[in-house]
Amino acid sequence: MKFGGTSVGDVAAFERVFHIVSTQIERRPIVVVSAMTKVTDALLAAFETAKNGDFAEAFASLETHFERHVEVSKHFIPEGSPNLFNAELEFARGELSDLLMRVTRRSLPLSMLKDAIVSYGEQLSSRLLAEVLKAKGVNARQIDSRRLIVTDDEFGAAQPLIDETNELVKLELGSIVAAGEVPIMGGFIAANRAGETTTLGRGGSDYSAAIVAAALGADELQIWTDVTGVMTCDPRICSSARTIPVLSYEEAAELAYFGAKVLHPKTIKPAVDNSIPVRVCNTFEPEEIGTMIVADSAETPNKIKSIAHKKNITILRISSARMLGSYGFMSAVFQVFERFRTVIDVISTSEVSIALTLDNTGELDKIVTELERLGDVEVDPGYAVICVVGEGLRASTGLASQVFSSIRDINVALISHGASSVNLTFVIKEDEAADVIKKLHQEFF
Ligand code: ADP
Ligand code: ASP
Ligand code: MG
């Protein structure tokens, strides 16, 4: 059972989590929890402030967030009884102060310090949840995920080393669960082989939960969040969005990748590989079934199940007359992206040019310099990717026409269709995204 940040935002949220966990205690749950809502952002902001030289401000900015934890702990843990959370918090304050000071002084590699700092969100939330559940009579035990999930050294986006992780998870959690205890782990955080703290990328708690579910062959992976399952589009954009009862793994993966924030893209993989059904459910409406994600799902009559979007996209266009009738050009282009470890999202080619989109532009300048050796390069920021997903989309006639006629007044910068059987993806100006999604939602749902 994975609980996201909004599911552990305040006293009422912890109360809801207690009810959800305790009603499923017979199923022998393992709980994976995110940082309390806004805490990860606050820790990252404190890191930036310290990096800019203002240690005092960086540390002070965290106080309100520490307070939110204290408020929850005070509410549930009776005064006078031992409060392990307070001890943990004092310890965390000391360590965070030390780490932020090191950032200001640059006394260790920054990427390493950043992960160490941001990991306190989940370290604290998992300790707090364990103490709250214990105070309410659940036989809970906090487990430090950094002892179980082993990753490579890519701070900020670490890849789990699956064999080692599986072994540790089975060894450690297997016996705890067998003894009737409920392990409470922080999501998102892990450690490399040297024991240094790493993180799995933003939204990575879903991934942690999937890794644990896969390692133990769980009956089900439940992703508890603040909406009822995966919906026909982001409910924040279109209030008429509806819950999708069943999605295939492939559909869910496309949706997650193209911005349906409700699931982390990588969550799907360990679950698919081990045939574990994933259920996305709402902590505010726990009796609703939510969305089941299963190996295969049937087509819906209108073929389209959901519309995902991702903003802040940059288009790169590379054109070269040398490309006419020649081979090796694509490979040369892709090698540049490989060298700078940058993911390409959508791609479209013609005889003499390639257009592609990037989400992460951290290495853009270097990439452009390299690509300019191959041809003319144009950089165009400020776009959004819209991804229409549904089983059977590629095979059906007239859908592309229906999609584009419903947004006939919008300029489409790039289209990709046919690579996957379940999606139609196109790129438009960012400020038109909300309007386009509303129009498509109106047309298909
Ligand atoms: P958590 O903290 O539980 O991990 P997230 O904020 O990561 O929650 O994801 C849940 C949010 O994802 C929802 O509040 C919703 O606004 C957003 N979202 C985007 N697209 C979709 C979609 N297609 N279906 C459901 N939610 C979506
Ligand atoms: N707390 C982390 C984040 O905000 C991980 C997660 O919530 O999944 O990105
Ligand atoms: Mg999330």
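Computation of the quantities below employed the complete heavy-atom set of this structure, encompassing side-chain atoms and omitting hydrogens, waters and symmetry-equivalent molecules. Numbering of ligands and ligand atoms starts at 1, following listing order.
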May I ask you to identify the nearest protein heavy atom to atom 26 (N) of ligand 1, giving residue, atom name and distance to one decimal place in Å?
V262 CB, 3.5 Å
Distance-minimising heavy-atom pair for S125 and A35:
OG-CA, 3.7 Å
Check ion pair E131-K134 (N to O, under 4.0 angstrom)
yes
So the atoms of ligand 2 within less than 4.0 Å of a heavy atom of S34 turn out to be 6 (C), 7 (O), 8 (O)
Do any nitrogen or oxygen atoms of D206 lie less than 3.5 angstrom from nitrogen or oxygen atoms of ligand 2?
no
By number and element, which atoms of ligand 1 are closer than 4.0 Å to a non-hydrogen atom of V230?
24 (N)
Just by distance, with hydrogens left out, do T342 and N360 show a side-chain donor and acceptor under 3.5 Å apart?
no
Using a 3.5 Å distance criterion without hydrogens, assess whether the side chain of K305 forms a donor-acceptor pair with backbone atoms of A252.
no
Face-on cation placement of K269 at Y207 ring, 6.0 Å and 45° thresholds
no
Considering only the protein, which heavy-atom contact is closest to atom 2 (O) of ligand 1, and what is its distance?
G5 N, 3.1 Å
I'd like to know if P235 contacts ligand 1, where contact means a heavy-atom distance under 4.0 Å to any ligand atom.
yes
For atom 6 (C) of ligand 2, what is the nearest protein heavy atom, given as residue, atom name and distance?
S205 OG, 3.3 Å
Taking only non-hydrogen atoms of G203, do any sit less than 4.0 angstrom from ligand 1?
no
Any non-hydrogen atom of G229 lying under 4.0 Å from ligand 1?
yes
Got an N/O contact under 3.5 Å between F188 and ligand 2?
no
What's the shortest distance from atom 22 (C) of ligand 1 to any protein heavy atom, and which residue and atom give it?
M231 N, 3.7 Å
Quick test: of every protein heavy atom, which one is nearest to atom 11 (C) of ligand 1, and how far off is it to 0.1 Å?
R236 NH2, 3.8 Å
Taking only residues two or more places apart in sequence or in another chain, which ones pass side-chain hydrogen bond (donor to acceptor under 3.5 Å, both in side chains) with S145?
none
Does either side chain, that of E254 or that of N423, offer a donor lying less than 3.5 Å from an acceptor on the other one?
yes
Nearest-contact summary for atom 3 (O) of ligand 1 - protein heavy atom, Å
T225 OG1, 2.7 Å
Among all protein heavy atoms in this structure, tell me which lies nearest to atom 4 (O) of ligand 1, with the distance rounded to 0.1 Å.
K2 NZ, 3.1 Å
Under 4.0 Å to a heavy atom of E122 - the qualifying atoms of ligand 2, by number:
1 (N), 2 (C), 5 (C)
Name the option, out of V389, D234, I244, that contains the heavy atom nearest to atom 19 (C) of ligand 1.
D234
Would G204 count as a contact of ligand 2 if the rule is a heavy atom under 4.0 Å away?
yes
Suppose we measure from atom 7 (O) of ligand 1 to each protein heavy atom; which comes out shortest, and what is that distance?
K261 O, 3.4 Å
Between K74 and E67, is there a side-chain N and carboxylate O pair less than 4.0 Å apart?
no
Test side chain to side chain contact (heavy atoms under 4.5 Å, CB included) applied to L161 and V150, N166, N192, the passing residue
V150
Taking the minimum heavy-atom distance to atom 13 (C) of ligand 1, which of I307, D206, D226 ranks first?
D226
Sub-4.0 Å heavy-atom approach of G203 to ligand 2:
yes
Before accepting this row, confirm whether a basic side-chain N of the pair E432/K429 lies closer than 4.0 Å to the acidic partner's carboxylate O.
no
is_close_aromatic(F18, F76), centroid dist under 6.0 Å:
no
Within ligand 2, which atoms have a heavy atom of R202 less than 4.0 Å away?
3 (C), 4 (O), 9 (O)
Does T291 have any side-chain hydrogen bond (donor to acceptor under 3.5 Å, both in side chains) partners at least two apart in sequence or in another chain, and if so, which?
none
What is the distance from atom CE of M36 to atom CG of L129, rounded to the nearest 0.5 Å?
10.5 Å
